[in-house]
Protein chains: 2
Amino acid sequence: MPRSKPPTMSDVAKLAGVSPMTVSRALRPNASASESTRKKIREAADQLGYVLDSTAAGLSSRKTGFVAVTIPSINNANFANTIRGLNEGLQDSGLQVLLGFTDYNIKEEERLVEAFLRRRPEAIVVTGGVHTERCRRYLAASGVPVIEIWDLPSSPIEHSVGFSNVKAGRAMANYLVDKGYKNIGFIGGNTKQDARGSDRCEGFAEVLEERGLSTERLRISEEPVRNMAQGAAAMDYLIDKHPDTQAVMCASDLSAFGAMMSCQRRGLKVPEDIAIAGFGGYDISANAIPQITTLEAGDYQIGTETAKVILSQLADDNDETEERAPQRIKIATQLLERESTSPK
Amino acid sequence: MPRSKPPTMSDVAKLAGVSPMTVSRALRPNASASESTRKKIREAADQLGYVLDSTAAGLSSRKTGFVAVTIPSINNANFANTIRGLNEGLQDSGLQVLLGFTDYNIKEEERLVEAFLRRRPEAIVVTGGVHTERCRRYLAASGVPVIEIWDLPSSPIEHSVGFSNVKAGRAMANYLVDKGYKNIGFIGGNTKQDARGSDRCEGFAEVLEERGLSTERLRISEEPVRNMAQGAAAMDYLIDKHPDTQAVMCASDLSAFGAMMSCQRRGLKVPEDIAIAGFGGYDISANAIPQITTLEAGDYQIGTETAKVILSQLADDNDETEERAPQRIKIATQLLERESTSPK
DNA sequence: AATAACCCCGTTATCGCTAACACATTGAAG
DNA sequence: CTTCAATGTGTTAGCGATAACGGGGTTATT
């Protein structure tokens with residue numbers, strides 16, 4: 001572990017017999033530099049083990065190459081897919097994702113956004129449309145493109161890429177009602193922090209009311225219901241309270257699976273005795289037995305579309321001619337009918 | 001979206017009637033500044049919407065506050081837990097994780113490490129002990145603490161936090177043989193890129209040989225076997241080829257679940273007809289019916305221990321008195337016996 | 001009362017790089 | 001044989017912050 005400080009561009013320049021500026025140019029793809037000096041410089045850099053300092057580069061050029069992104073949790077396949085899509089879409093741009101986790105907590109999001117802003121990202125992506133007042137101010141004043149994803153907020157900060165969670169809930173409710181189920185429940189958390197889940201529940205409830213069905217089987221838990229164990233516990237509670245329940249939508253496929261296992265343990269057959277639907281298009285919904293009906297959210301696509309928005313906004317910035325218009329990209333969701341809601 | 005460039009420390013200084021240096025001090029927790037000027041400065045900063053530029057701060061102080069971390073995939077609960085643990089352990093240190101994904105590809109890891117090195121992180125964490133030659137050089141010459149996790153490499157670059165995947169494979173094999181199973185298989189991928197999976201298989205095979213059992217049911221697929229569908233396909237293949245298979249270990253709990261579903265579809269009962277074990281201590285292994293025997297890898301703990309190593313190394317750096325000694329933290333794994341291998 | 005020991009805060013000099021401009025050289029166009 | 005554009009390279013001046021040093025004022029020490 002050599003304690004000597006790493007070589008700088010000047011060191012490389014000296015060794016190659018050119019000026020530092022020429023080194024800077026030679027190391028970039030687009031800049032003008034002759035092939036011969038470029039080769040000479042590359043060799044000198046290699047010899048010294050030189051690595052560009054993008055901290056200094058960023059300070060000078062006022063371009064850090066960062067895209068700051070917050071997601072609620074890393075333990076969530078949906079958000080993970082979004083990040084994969086975003087990385088994919090940003091791959092050749094030289095932009096690097098600076099990822100942070102809010103733990104489904106908008107106060108934590110605020111802290112994270114402030115920390116990210118210090119890094120002077122070139123664009124900021126946040127999950128969801130609900131933020132603290134201070135966080136909204138930070139974002140609005142950041143001076144860079146802001147994109148809210150996984151939702152289509154009624155009053156967006158700037159751009160948004162997502163879908164309506166209310167409509168998603170409505171879609172599933174309509175599907176279940178169309179199937180002929182009457183006593184329909186919803187398992188999810190009623191957290192003010194995470195609006196996406198409660199939006200889906202809201203849409204779900206709307207439809208039940210519109211179509212004259214009881215809404216007393218909704219929103220069972222005050223705690224978040226995200227994982228399998230929580231889904232199982234919520235299902236136990238629901239069935240104990242309403243043994244006549246015929247169909248249930250869960251806030252995620254994971255809780256749906258947990259709920260399904262809970263039914264199985266009680267000797268209830270899915271879908272014969274009770275139908276179960278999930279959300280998110282997780283792997284498990286396709287691989288469980290029975291396979292679980294779910295609503296695919298286009299998670300990966302949210303990432304790729306977000307990347308497109310970022311790139312186009314940053315390109316526009318160079319033009320500077322036309323005014324930036326806020327974009328609002330709607331991602332299509334898809335209801336995947338599977339065995340868990342299809343009486344054979 | 002104000003196009004005017006963001007305010008600098010000098011702007012705040014001017015407004016508060018002090019020098020920029022004083023602003024710098026006032027905005028830090030430890031530096032000396034009187035409470036009155038500190039308040040004045042905070043107000044001025046707030047009024048201007050000033051946010052510290054850590055790009056410039058990093059250049060000047062030679063401390064970026066970054067810890068660069070590479071993991072194979074974001075779609076993996078084990079690595080996700082490690083990151084959670086790492087974030088947790090780093091929370092109060094002011095250090096920020098710069099996360100990248102190698103996609104189980106050491107060439108991609110090399111690219112990522114080079115990109116990260118440009119950011120001048122204060123420590124580097126890489127998953128696994130197998131790297132390209134060039135990548136090893138980069139890491140060794142980085143001048144900052146390097147920590148390899150999720151493995152205990154025979155020739156570590158510097159520090160390591162993990163467990164022996166060979167021993168993990170051995171443990172599960174011994175358990176299954178002890179249980180009385182004879183025709184034992186292993187489902188996993190044979191990728192040279194990802195040594196962890198094949199290490200586990202290797203240890204597994206060692207034990208089978210040592211204890212006089214056939215090893216012809218090993219390493220079914222040349223492709224990686226990580227998800228449920230791949231596990232199911234591999235199980236189908238294995239049973240078709242060796243219908244007398246009595247027990248199988250899968251490279252992960254996800255493939256174990258897929259394999260189990262595959263058995264169920266064929267009418268094979270788990271564990272009565274065939275026993276299945278997984279790896280990783282995933283949620284699903286505790287929630288599936290039957291519950292799946294697994295080897296808990298201490299993923300979260302790997303993260304917290306890594307954080308400790310980083311913090312102690314950076315503290316040592318300040319002392320500068322004692323020589324840095326490479327640390328080698330061994331994380332305990334735990335075999336969780338569940339229904340999928342326990343004939344009732 | 002005098003010396004030392006702080007506590008605050010300002011000044012100066014970078015940190016490593018790149019934008020912007022200047023300048024020389026070359027080749028093509030008129 | 002100019003004139004002009006294109007190309008490659010050097011020079012200068014920061015980008016926005018902090019380290020290091022120093023000096024004035026206040027409080028402790030003997």
Side-chain angles (χ1 to χ4, degrees), chain A residues 4-42 44-45 48-66 94 117-122 143 317-318 320, chain B residues 4-42 44-45 48-66 94 117-122 143 318:
Chain A
S4 62
K5 58 182 76 158
T8 73
M9 210 168 247
S10 297
D11 298 327
V12 178
K14 234 168 277 171
L15 184 60
V18 294
S19 77
M21 192 66 235
T22 304
V23 176
S24 173
R25 281 191 275 246
L27 261 31
R28 273 176 292 177
N30 304 326
S32 64
S34 77
E35 208 39 61
S36 61
T37 57
R38 189 168 290 213
K39 191 182 166 210
K40 200 168 52 183
I41 286 168
R42 254 202 283 268
L48 293 174
Y50 173 74
V51 178
L52 178 70
D53 185 333
S54 36
T55 303
L59 181 59
S60 181
S61 68
R62 315 177 124 288
K63 291 195 173 186
T64 58
F66 276 132
L117 248 28
R118 287 201 237 275
R119 302 286 183 185
R120 297 292 188 267
E122 298 184 40
D317 240 25
N318 294 344
E320 197 84 45
Chain B
S4 63
K5 59 183 75 159
T8 74
M9 212 167 244
S10 296
D11 298 327
V12 178
K14 232 168 279 169
L15 185 61
V18 295
S19 78
M21 191 67 233
T22 304
V23 176
S24 173
R25 282 191 273 246
L27 260 32
R28 272 177 292 178
N30 305 326
S32 61
S34 76
E35 207 41 61
S36 61
T37 56
R38 191 168 288 216
K39 189 180 169 212
K40 199 168 52 182
I41 286 168
R42 253 202 283 269
L48 292 173
Y50 173 73
V51 177
L52 178 70
D53 185 334
S54 36
T55 303
L59 180 59
S60 181
S61 68
R62 314 175 128 288
K63 290 195 175 188
T64 57
F66 275 132
L117 248 29
R118 287 202 239 275
R119 302 287 184 185
R120 297 293 188 265
E122 298 185 41
N318 293 345

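In what follows, every chain begins at residue 1, and chains take the letters A, B, ... in the order their sequences are listed. Both backbone and side-chain heavy atoms feed into the values below; hydrogens, waters and symmetry mates do not.
DNA chain D is contacted by both B:Leu59 and B:Arg28; B:Leu59 maps to the nucleotide lying nearer its 5′ end (nearest heavy atom per residue). Comparing B:Ala56 and B:Pro20, the nucleotide of DNA chain C nearest to each residue sits closer to the 5' end for B:Pro20. The residue among B:Val18 and B:Ser60 whose nearest nucleotide of DNA chain C is located toward the 5' end is B:Val18.
B:Asp53 places its CG atom 14 Å from the C1' atom of C:dC17, with the value rounded to the nearest Å. Atom pair A:Arg120:CZ and D:dG16:P shows a separation of 9 Å (rounding to whole Å applied). Atom P of nucleotide C:dT14 and atom CZ of B:Arg62 are separated by 13 Å, given to the nearest angstrom. When rounded to the nearest whole Å, the span between CG of B:Asp11 and P of D:dC15 equals 11 Å. At whole-Å resolution of the value, NZ in A:Lys14 and P in C:dG16 are 12 Å apart. One can place CZ of B:Arg38 at 13 Å from P of C:dC7, the figure rounded to the nearest angstrom. Atoms CZ (A:Arg119) and P (D:dC15) sit 21 Å apart, rounded to a whole Å. Spacing between atom CD1 of A:Ile41 and atom C1' of C:dC17 amounts to 14 Å, rounded to whole angstrom units.
A donor-acceptor contact under 3.5 Å is not formed by the side chain of A:Ser61 with the base of C:dT18.
Side-chain atoms of A:Thr8 lie closest to C:dG16 of the nucleotides D:dG16, D:dT18, C:dG16. The side chain of B:Arg25 lies closest to D:dC21, out of D:dC21, D:dC15, D:dT9. Ranking C:dG16, C:dT18, C:dC8 by closeness to the B:Ser34 side chain, first place goes to C:dC8. Side-chain atoms of B:Met21 lie closest to D:dA20 of the nucleotides D:dA20, D:dG10, D:dA17.
Look at A:Ser10 and you won't find any side-chain N or O under 4.0 angstrom from OP1 or OP2 of C:dG16. In terms of phosphate contacts, B:Ser24 brings no side-chain nitrogen or oxygen within less than 4.0 Å of OP1 or OP2 of D:dA17.
If you check every strand for non-hydrogen atoms under 4.0 Å, A:Thr37 touches sugar and phosphate atoms only. Using a 4.0 Å heavy-atom criterion, one finds that A:Ser19 contacts the bases of the nucleic acid, with or without backbone contacts as well.
Two residues are said to be in side-chain contact when any heavy atoms from C-beta on lie closer than 4.5 Å; B:Asp53 and A:Arg120 meet this criterion.
Considering only residues two or more places apart in sequence or on other chains, A:Thr8 meets the side-chain contact (heavy atoms from CB on, under 4.5 Å) condition with A:Ser10, A:Asp11.
Proximity of a side-chain donor or acceptor of A:Arg62 to a complementary backbone N or O of A:Leu59 within less than 3.5 Å is not detected. No side-chain donor-acceptor contact under 3.5 Å links B:Ser60 to the backbone of B:Ala56.
Sparse packing is recorded around NZ of A:Lys14, with 12 or fewer heavy atoms of other residues, nucleotides or ligands lying under 6.0 Å away.
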